[in-house]
Amino acid sequence: MFYRVDLMKLLLIHSDYIEYEVKDKAIKNPEETDVKSGRLEEALTAFTAVEQIDEKSPKKAVKQAVSEIEKIASQLKIKNIMLYPYAHLSSNLANPKKAQEILIEIEYELKNKHFSVKRSPFGWYKSFKISCKGHPLSELSREIIPGEEETESLKQERKLSSYWYILTENGTLHDVGDFNFKGYENLKKFAFYEKEKSRAIKGEPAHVTLMQKLEIADYEPASDGGNMRFYPKGRFIKKLIEDYVTQRVVEYGGLEVETPIMYDMDHPTLSKYLERFPARQYQIESDKRNFFLRFAACFGQFLMAHDATISYKNLPLKIYELTKYSFRREQSGELTGLRRLRAFTMPDVHAFTSDIKMAMDEFNVRYDLCLSVQKNLGIENDDIEMALRTTKEFYKNNKDFMVALVKKLGKPVLIEMWDERIFYFILKYEFNFIDSSEKASALSTDQIDIENGERYNIKFTDKDGKMKHPLILHCSPSGAIERVIYALLEKEAMKMNKGKKPMLPLWLSPTQIRLIPVGDEFISDCERFIDELNKVSEYQHIRSDIDDREESVSRKIRDAEKEWIPIIIVVGEKEKDSKKFTPRFRSSTISDSDKAYSLEELHKLITTQTKGFPQEKIALPAYLSKRPKFKG
RNA sequence: GCCGCUGUGGCUUAGAGGUAGAGCAGCUGAUUCGUAAUCAGCAGGUCGUGGGUUCAAAUCCCACCAGCGGCUCCA
């Protein structure tokens with residue numbers, strides 16, 4: 001995204017044959033050669049233009065070009081490669097001498113990988129004949145982007161020096177390959193998803209159908225991919241989750257703030273940070289300045305902390321923001337439903353701590369918070385697998401600390417270790433949800449960051465009167481809100497596959513009680529019951545509505561079931577007289593369906609089960625006949 | 001971003017060179033109903049968008065867009 005002007009360019013053609021003949025000099029001092037013509041059968045021809053930027057990091061350019069060519073060649077199962085200098089692919093060519101060196105280097109590397117390589121001479125006009133196979137993979141062009149090289153190589157390094165283990169509750173460290181996964185099927189799926197990058201071939205994600213059917217969220221074709229629309233019910237569910245997470249973080253001591261969603265790309269602190277991760281942001285031009293949309297809440301909070309006067313007495317200092325939104329320009333092919341988005345809502349609480357001891361103590365406090373928040377959101381320990389990521393050294397020195405985390409979770413975890421610290425954090429965990437397609441997605445996470453206190457020049461005055469940089473913990477207690485909804489829906493989809501009724505938690509259900517009058521004359525009784533129900537307590541609101549449509553009772557029940565309404569009550573003569581109700585409970589976890597309940601009993605039933613969660617009214621008409629259909 | 005598949009009223013879909021057809025939802029009317037679909041009628045479609053081939057294109061070709069699957073990626 002930054003330097004798209006300067007790239008090495010490759011055009012790869014799978015051909016029956018390629019042949020060339022050297023004609024005239026194209027540059028002053030072309031490569032000396034006796035070979036005036038060449039031909040190769042069943043070859044991958046790589047037309048290559050080496051560009052200016054490649055000169056700056058020739059080794060990386062070579063490495064990437066080789067890996068790109070190798071990848072395609074192995075897909076096509078070809079051994080013959082013709083390396084063909086082709087200046088016309090670029091308007092920003094490298095110095096010829098350097099370019100020639102790079103080409104020779106590529107040739108050498110490819111030969112090392114046991115390809116049969118020919119290279120046409122550099123700096124000559126040549127005539128050539130090529131017979132292209134014409135199948136879909138036969139013509140490919142590639143750009144080697146130097147801006148991405150840094151991350152690319154970083155990641156390769158990371159992979160090279162990553163060690164994967166399973167850490168059990170009793171503190172035994174198993175090699176992933178040797179661990180017996182019996183009884184830990186999801187951990188196995190997760191471990192292989194992470195380590196081997198193996199992907200199961202399954203149908204489309206279950207939550208996408210559900211989010212549309214339940215009128216929660218949908219794609220918005222008029223926006224960029226991964227920017228969703230939320231219908232009233234979806235917005236309501238999302239708001240409740242947002243409110244709940246915020247409430248828990250505030251109880252923990254988080255100071256809620258709000259910071260801008262866009263930042264100057266040339267800001268000295270930010271630009272350095274950005275350079276490590278180019279080509280992943282939305283950019284906005286305003287007058288002559290360029291801004292990027294934030295991809296996390298860190299920037300605003302760190303800049304705020306930078307300007308604050310902080311004493312050791314204030315630590316740990318916890319700053320919280322629920323970002324609406326954070327933006328990441330994920331690759332288009334990577335976007336799916338609510339799982340992976342380009343704009344998402346992220347609760348993010350940072351804790352500024354004085355030293356590693358305080359950081360680790362705080363880490364523990366937040367670990368409990370995260371487990372509790374996730375559980376209350378409806379994601380149980382059985383639904384998630386934990387990954388711990390750290391360096392070998394940190395593990396060695398803090399083994400007991402790690403094992404204690406595992407014990408709290410109550411099951412083995414995946415642990416990734418590096419020889420040296422590669423990222424800014426020294427310890428990180430995430431809880432990953434495994435869905436029906438065996439894909440793993442991170443929800444809650446926390447990490448101990450030992451770099452950014454200094455990078456952002458955040459300071460606090462310590463006991464000894466000296467200025468020091470804090471260690472910063474980055475935590476999202478729930479993960480992206482959209483992703484929480486995704487996990488809840490996927491979880492219910494898995495239930496449906498087992499023949500069970502799906503349901504959202506009672507506190508999240510937009511409608512908690514649906515009243516179905518047997519006939520028009522009972523509509524006013526339904527209204528009365530709703531009034532009485534909410535007169536029981538002025539602080540606790542029960543979300544109820546009335547299906548006043550001109551439909552049969554069975555039809556209304558069917559529709560209520562399709563909407564996952566937790567409690568359905570038919571109202572007729574009997575109820576009018578007795579004021580006793582025999583509800584249909586969607587799940588036996590709410591209550592028994594056979595018994596009769598008074599309004600007070602129903603009120604109590606719901607309020608005890610939604611205690612501690614946000615109690616909101618929903619902005620939808622109480623009468624179903626007044627509601628538009630947003631989908632279907 | 002790359003490779004492949006898909007794209008027909010709000011939804012689910014039939015049609016495979018020759019006048020776009022259905023079910024659901026919507027509207028109107030009848031029915032006033034006790035635990036998963038009451039009946040009838042009406043209206044609704046530039047066949048994802050833009051080009052091209054053809055006497056004729058939803059249908060064949062090209063490009064683009066979107067969704068899905070895979071690759072890659074996931075700070």
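Chain identifiers are assigned alphabetically (A, B, ...) following the order of the sequence lines, protein sequences preceding nucleic acid strands; residue numbering begins at 1 within each chain. Since the model is a prediction, treat every value here as computed from it, not as a measurement. Reckoned from all heavy atoms, side chains included, excluding hydrogens, waters and symmetry mates.
Atom P of nucleotide C33(B) and atom CG of Asp548(A) are separated by 17 Å, given to the nearest angstrom. For the pair Arg549(A) CZ and A36(B) C1', the computed distance is 13 Å after rounding to whole Å. When rounded to the nearest whole Å, the span between NZ of Lys439(A) and P of U72(B) equals 11 Å. Going from atom CZ of Arg340(A) over to atom C1' of U72(B) covers 11 Å, rounded to whole Å. Following rounding to the nearest Å, Arg558(A) (CZ) and A37(B) (P) show an atom-to-atom distance of 6 Å. Whole-Å rounding puts the Asp224(A) CG to G67(B) P distance at 9 Å. One atom, CG of Leu624(A), and another, C1' of A37(B), lie 16 Å apart when rounded to the nearest Å. For Arg421(A) and A75(B), the CZ to P distance is 16 Å, given to the nearest whole Å.
Taking the 5.5 Å centre cut-off and the 30° plane limit, the aromatic side chain of Phe295(A) is classed as stacked on A75(B).
Counting heavy atoms of neighbouring residues, nucleotides and ligands inside a 6.0 Å radius, atom NZ of Lys213(A) does not exceed 12 of them.
The aromatic ring centres of His306(A) and Tyr456(A) sit 6.0 Å or more apart. The ring of His267(A) has its center no closer than 6.0 angstrom to the ring center of Phe292(A). Here the two rings, on Phe433(A) and Phe431(A), have centers that are 6.0 Å apart or farther. Annotation: Tyr325(A) is not in aromatic contact with Tyr282(A) [ring centroid separation under 6.0 Å not met]. In this structure, Phe344(A) has its ring center at least 6.0 angstrom away from the ring center of Tyr486(A).
Closest to the side chain of Ser554(A), from the set C73(B), A75(B), A36(B), is A36(B). Residue Arg328(A) has its side chain nearest to A75(B) when only A75(B), U32(B), G1(B) are considered. Here the side chain of Thr582(A) is nearest to one of A75(B), U72(B), U35(B), namely U35(B). Side-chain proximity of Glu551(A) to U38(B), A25(B), G34(B): nearest is U38(B). Comparing C33(B), A75(B), C71(B) by their closest approach to the side chain of Glu334(A) singles out C71(B). For Val553(A), the side-chain atoms get nearest to C33(B) when compared with the rest of C11(B), C33(B), A36(B). Distance from the side chain of Arg555(A) is smallest to C24(B) among C24(B), C33(B), C68(B). When each of U32(B), C68(B), C73(B) is scored by its nearest atom to the side-chain atoms of Gln331(A), the top-ranked nucleotide is C73(B).
Contact annotation for Lys574(A): base contact, defined as any heavy-atom pair under 4.0 Å involving a base atom. Residue contacts shown for Phe630(A) are absent, as no nucleic acid heavy atom lies under 4.0 Å away. Within the 4.0 angstrom heavy-atom criterion, base atoms lie near Glu575(A). Among the protein residues, Ser441(A) comes within range of no part of the nucleic acid, since none of its heavy atoms lies under 4.0 Å from any strand. If you check every strand for non-hydrogen atoms under 4.0 Å, Leu335(A) touches sugar and phosphate atoms only. Nucleic acid contact class of Glu573(A) (heavy atoms, under 4.0 Å, all strands): base. Within 4.0 Å of Val570(A), counting heavy atoms only, lies at least one base atom of the nucleic acid.
The partner of C73(B), taking Watson-Crick or G-U wobble pairs whose two distances both stay under 3.5 Å, does not exist in any strand shown. Using Watson-Crick or G-U wobble geometry with both donor-acceptor distances under 3.5 Å, G4(B) finds its partner in C68(B). Applying the Watson-Crick and G-U wobble criteria (two distances, each under 3.5 Å), C60(B) pairs with G52(B). Across all strands shown, U38(B) forms a Watson-Crick or G-U wobble pair, both distances under 3.5 Å, with A30(B). Of all nucleotides present, only A22(B) satisfies the Watson-Crick or G-U wobble test against U12(B), with each distance under 3.5 Å.
Rounded to whole Å, the C1' atom of U28(B) lies 10 Å from the corresponding atom of A43(B). Only the C1' atoms considered, U13(B) is 29 Å distant from G52(B), to the nearest whole Å. The same atom, P, is picked in G41(B) and in G23(B); the two are 10 Å apart, to the nearest Å. Between the P atoms of C61(B) and G7(B), the separation comes to 13 Å (whole Å). G26(B) and G15(B) are spaced 27 Å apart, taking the P atom of each and rounding to whole Å. Nucleotides A25(B) and A75(B) have their C1' atoms positioned 46 Å apart, rounded to a whole Å. Here the separation of G50(B) from U19(B), taken at their C1' atoms, is 26 Å to the nearest Å. On the C1' atoms, G70(B) is 49 Å away from C39(B), given to the nearest whole Å.
A distance-only check finds a donor-acceptor pair linking the side chain of Ser444(A) to the backbone of Ser476(A) [under 3.5 Å].
Applying the 4.0 Å criterion to OP1 and OP2 of G1(B), one finds that Ser332(A) has a side-chain N or O inside that range. Within the 4.0 Å cut-off from OP1 or OP2 of A36(B), at least one side-chain nitrogen or oxygen of Arg584(A) is found.
Residues Gly337(A) and Ser552(A) both approach RNA chain B. Their nearest nucleotides, taken by heavy-atom distance, put Ser552(A) toward the 5′ side. Mapping Gly519(A) and Ile569(A) onto RNA chain B by nearest heavy atom places Gly519(A) closer to the 5' end of the strand.
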Stepwise side chain to side chain donor-acceptor pair (under 3.5 Å) test for Asp218(A) and Gln212(A):
CA-CA 6 Å; Asp218(A) 214 339; Gln212(A) 293 169 334; 3.0 Å; yes
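Taking every heavy atom of both residues into account, Lys501(A) and Arg586(A) meet most closely at CD-O, 3.8 Å.
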